[in-house]
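Below you'll find the structure, written out as structure tokens, and then a few comments.
Reckoned from all heavy atoms, side chains included, excluding hydrogens, waters and symmetry mates. Protein chains get the first letters and strands the later ones, always in sequence-line order, with residue 1 at the start of each.
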Number of protein chains: 2
Amino acid sequence: MRLTSKGRYAVMALVDLARFDGINPVSLRDISLRQSISLDYLEQIFSKLRKKEIVQSVRGTQGGYILNRKAKEIKLTNIFDAVDEKVKTVQCKKESKKGCNGKSTKCLTHNLWDELETHINNFFDKKSLDDLVKENFERRL
Amino acid sequence: MRLTSKGRYAVMALVDLARFDGINPVSLRDISLRQSISLDYLEQIFSKLRKKEIVQSVRGTQGGYILNRKAKEIKLTNIFDAVDEKVKTVQCKKESKKGCNGKSTKCLTHNLWDELETHINNFFDKKSLDDLVKENFERRL
DNA sequence: ATGATACTTGACTATTTTGGTCAGGTTTAT
DNA sequence: ATAAACCTGACCAAAATAGTCAAGTATCAT
């Protein structure tokens, strides 16, 4: 089981962005430098975040990105969704017609993955971007 | 984020095994046929399960495997542990000396992965093999 | 207007991980 | 002795990941 770094980077970048939200657009270049994430990779990630309306872009000099919603209203689920980070339960889920193992029945662990998925999504649904910003920067205020 | 099928197969095989526990050793060949898992792959998996003392092997003709503990005492955490299925939080965890991103500080999502890991482990700690057997076969009793 | 900054898009690729297979054993019941 | 079943380690192809690279386009500041 594994969490990919695309999802992790997306969250890191958004926490960074959320911190400055409301003042100026934040350029990917700045985020790249502060968070040590390749600029090219960030561009890929933000392209997806924009399509899902989590951020807005501001073009031109002094441009960058701003949050499209309040940090409190952006849940981690939204972020992971946007960058295609899914809880894949090993092709043991979607095929409604066929079973998981090529047979016609569900495999013995089918319900288990269902439950786990729900469990994890609950966790991500509760956490907002705002929570993370507070957790990381409250000491410095 | 992803769940590998090695862990899934391990659980499937053990549920199958647990079902017949106490009567005779169950051969991997039988499990292979019933669960549609390659025999060679099962051998790899059971080798690990044996080393972690989750199962015992019985050699020779009519041999096979039996559970080494009661099904109620085998938690899913134990199984995933045994087959090296870990909740990897993207190298963002172990390096205590260096930070997660090459810098000396923890990355902005460090605590998040910690929490998630705990959350998931809680789930797997609660579920025992016995629970799964009951869930899958209670209707037929 | 024009250059610099910054976003935008899409193709491409090396590395790693996964999900196995294959071969060649050893052990033990019958 | 022989067949069933465990045991071990090496090997490999396909897929996914984690990016890089190239070639733009849009907009602001001056």
[N] OP1/OP2 closer than 4.0 Å to side-chain N/O of [X]:
| X | N | answer |
| --- | --- | --- |
| A:S38 | D:dG19 | no |
| B:Y65 | D:dC7 | yes |
| A:R29 | C:dT5 | no |
| B:R8 | C:dT18 | no |

All side chain to side chain donor-acceptor pair (under 3.5 Å) counterparts of [X], not counting sequence neighbours:
| X | result |
| --- | --- |
| B:E73 | none |
| A:D125 | A:T77 |
| B:N78 | none |

Any [X] side-chain heavy atom under 4.5 Å of [Y] side chain:
| X | Y | value |
| --- | --- | --- |
| A:V15 | A:F137 | yes |
| A:L67 | A:L14 | yes |
| A:I66 | A:V26 | no |

Without placing hydrogens or testing angles, list every side-chain donor-acceptor pair under 3.5 Å for residues 39-64 of chain B, not counting sequence neighbours.
| from | atom 1 | to | atom 2 | distance (Å) |
| --- | --- | --- | --- | --- |
| B:K48 | NZ | B:D84 | OD2 | 3.1 |

Taking [atom1] from [X] and [atom2] from [N], how many angstroms apart are they, rounded to a whole number?
| X | N | atom1 | atom2 | answer |
| --- | --- | --- | --- | --- |
| B:L39 | C:dA23 | CG | P | 15 Å |
| B:I31 | D:dA5 | CD1 | C1' | 12 Å |
| A:Q56 | C:dC7 | CD | C1' | 14 Å |
| A:L33 | C:dA6 | CG | P | 11 Å |
| A:K6 | D:dA16 | NZ | P | 12 Å |
| A:Y9 | D:dA18 | OH | P | 8 Å |
| A:L28 | C:dA4 | CG | C1' | 17 Å |

Give the nucleotide from the list C:dG19, D:dT8, D:dA5 with an atom nearest to the side chain of B:S27.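 Nucleotide nearest to B:S27's side chain: D:dA5.
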Given D:dA18, C:dT8, D:dT20, identify the nucleotide with an atom nearest to the side chain of A:D40.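 So the nucleotide nearest the side chain must be D:dT20.
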Would you indicate whether B:R29, at its atom CZ, is surrounded by more than 12 heavy atoms from other residues, nucleotides or ligands within a distance under 6.0 Å?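 No, because the 6.0 Å sphere around CZ of B:R29 holds 12 heavy atoms or fewer from other groups.
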Assess whether a salt bridge exists between B:E135 and B:K127, defined as any Lys/Arg side-chain N lying under 4.0 Å from an Asp/Glu carboxylate O. yes
Just the table, please: protein N/O against nucleotides 25-30 of chain C N/O, every pair under 3.5 Å.
| from | atom 1 | to | atom 2 | distance (Å) |
| --- | --- | --- | --- | --- |
| C:dT27 | O4' | B:R59 | NH1 | 2.9 |

Take A:Y41 and B:S57, find for each the nucleotide of DNA chain D with the closest heavy atom, and name the residue whose nucleotide sits nearer the 5' end.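 Of the two residues, B:S57 wins.
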Going by heavy atoms closer than 4.0 Å, what residues in residues 42-49 of chain B are next to DNA chain C?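 Contacting residues: B:Q44.
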